[in-house]
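This structure is a prediction, so every number in the text was calculated from the model and none was measured. Counting from 1, the numbers follow the sequence of the chain as shown.
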Amino acid sequence: MSWQAYVDTNLVGTGRVTQAAILGKAGGIWAKSSGIKISPEEQKAITAAFTNKAAVQASGFRVADQKYFFLSSDNYGDDPNLIVVQGKKQVGLHDVFL
């Protein structure tokens, strides 16, 4: 399964996630929901959460010029390279960025 299929089917396709994106830890978008635009600056801020949680917990982050609160980031299973970051928009919809 491709990363795009994963976003489309396993995340957004469930109806429980409104938007999703998978970003590389070194930058770059691997897959994303249609219509979402993530600027290079926004990508950098999200990937910075992997190494500096405190900064993004204090100020949140932006995607497609929408501000998100940083709720958590965790390693997934035994793979230290797969990290899940969950954010919450002020209106209460949940989006997931991997």
* Determine the minimum heavy-atom distance between I38 and V63, stating which atoms define it. => CG1-CG1, 3.6 Å
* Supply the atom-to-atom distance E42 CD to D65 CG, rounded to the nearest 0.5 angstrom. => 6.5 Å
* Asked: Just by distance, do the side chain of T14 and the backbone of L11 share a donor-acceptor pair under 3.5 Å?
  -> yes
* Asked: Are the side chain of K32 and the backbone N or O of L23 linked by a donor-acceptor pair below 3.5 Å?
  -> no
* Structure fact -> d(S34 OG, Q19 CD) to nearest 0.5 Å is 9.0 Å
* **Atom pair OG/CD1 of S2 and I22 - distance to nearest 0.5 Å** => 9.0 Å
* How close do V7 and A31 get, heavy atom to heavy atom, and via which atoms? -> CG2-CB, 3.8 Å
* Asked: Any idea which heavy atoms bring S33 and V12 closest together, and the distance?
  -> OG-CG2, 3.5 Å
